[in-house]
Amino acid sequence: MTTMSNRYQSDSGRKRPTMKNVADLAGVGIKTVSRVVNDEPGVSEATRQRVMRATEQLQYQLDITAGSLKRSGRKTQSIGLLLPSVSNPFSGEIHRAMEDALAVRGIAVFAASLDDDPDRERKLISAFLGRRVDGLVLTTIAKSQAYMIPEHSRDLPLVFVDREPAGIEADAVVTDNEIGAAKAAAHLIQHGHTRLAYLGDRTDIQTAGRRRTGFLDGVGKAGISTSGVAVRENLHDEETAFRAAHELLTSENPPTAVFSSQNLVTFGAMRALRALGLHHKVALIGFDDFTLADMMDPGITVIAQHPERIGKLAAERILARIDGDESPAQTYVIPTELIQRGSGEIRPQADAGK
């Protein structure tokens, strides 16, 4: 097997490696590298593997915009935005707020959904890099984002939203998840509830873990044993939340109050309560506001995040970094707000689960 030289590793520095660098390292011509990275035929498997090893060693990304950039002599005027799901109302509001804030600079926002899949996260980030976006604003699911250090070290501006990064220093704009969840616990307890249920998202999602911690801390601070809280987690959509809530509400010792940790989980809990005729008997507080929450019967009490503020601030930070701001990375925390609408103010009833 041919051993490749390391002569390009030390001088990669802050410069983006070129196709010629890959060709030199792999010992082939530029046309051969082009065929490999564009997945064209006419290259032996051994040569293809050698070229791929060189691209990985140099962290080379195919630049599909290089020709147009040379002709225009400017940046791409684009930002990559990676969110859990653009169909989720919370993500959608962040997206729109960023579009509005960046439009005044003529910057387009290209958005994609990672579906909370680490492999998809890395592939989408690679796709954004191939399009030479001027910066990335992203929500991540991988345990560490250290794999992005080579790009960040080449002055690619990064701003994280909703979840703080791990393994890399960059600006982040997040919600006060623990404080917000603790507010929900305190509110339910103030209305007389001691039989509580927590419906949570996937345990590998950073925000879900913090909301669980905040809620249980709030319960404990009120002098109520947290071991008595019915906890159901890994509920990532409305259907799994519906089944979990239905099972709890029809159990031998059902909760008199439910806290749901994100809006899709709230929708499932709402369905279960209505299906069992308990929507006026069992209290419900959801984390995340949503359209028409005030039109429900009863209106849904929520711990409201402010995705429009998150998106606006993220846009401001990515613009500042693009414009040369070299101040230390900082985490910006957007406060939550308890909005009382009726469902969270229901007091415990003796027959709540009957």
According to side chain to side chain contact (heavy atoms under 4.5 Å, CB included), who are the partners of Leu264, at least two apart in sequence or on a separate chain? Asn88, Gln262, Phe267
Go through the structure and list residues passing side chain to side chain contact (heavy atoms under 4.5 Å, CB included) with Ala146, not counting sequence neighbours. Ser144, Ile149
So, using salt bridge (charged side-chain N to carboxylate O under 4.0 Å, His left out) as the criterion, who are the partners of Glu345 when residues are at least two apart? none
By salt bridge (charged side-chain N to carboxylate O under 4.0 Å, His left out), Glu164 pairs with (sequence neighbours left out) Arg210
Just jot down the side chain to side chain contact (heavy atoms under 4.5 Å, CB included) partners of Leu319, sequence neighbours excluded, or say none. Leu102, Arg105, Ile107
Which residues satisfy the side-chain hydrogen bond (donor to acceptor under 3.5 Å, both in side chains) test with Glu45, sequence neighbours excluded? Gln49
Contacts under 3.5 angstrom, residues 307-315 side chains, donor-acceptor by atom type, not counting sequence neighbours:
unit_1	atom_1	unit_2	atom_2	d
Glu308	OE2	His306	ND1	3.3
Lys312	NZ	Glu316	OE2	2.7

In chain order, what residues pass the salt bridge (charged side-chain N to carboxylate O under 4.0 Å, His left out) check against Asp117, with sequence neighbours excluded? none
Linking directly or through intermediates, with side-chain heavy atoms under 4.5 Å: list the remaining ILVMFWY members grouped with Ile303, chain and number order. Leu188, Ile189, Leu196, Tyr198, Phe215, Leu216, Val219, Ile224, Val229, Val231, Phe259, Ile285, Phe287, Leu338
Residues in salt bridge (charged side-chain N to carboxylate O under 4.0 Å, His left out) with Glu99, at least two apart? none
In chain order, what residues pass the side-chain hydrogen bond (donor to acceptor under 3.5 Å, both in side chains) check against Arg347, with sequence neighbours excluded? none
Of all residues at least two apart in sequence or in a different chain, which pass the side chain to side chain contact (heavy atoms under 4.5 Å, CB included) check with Pro89? Asn263
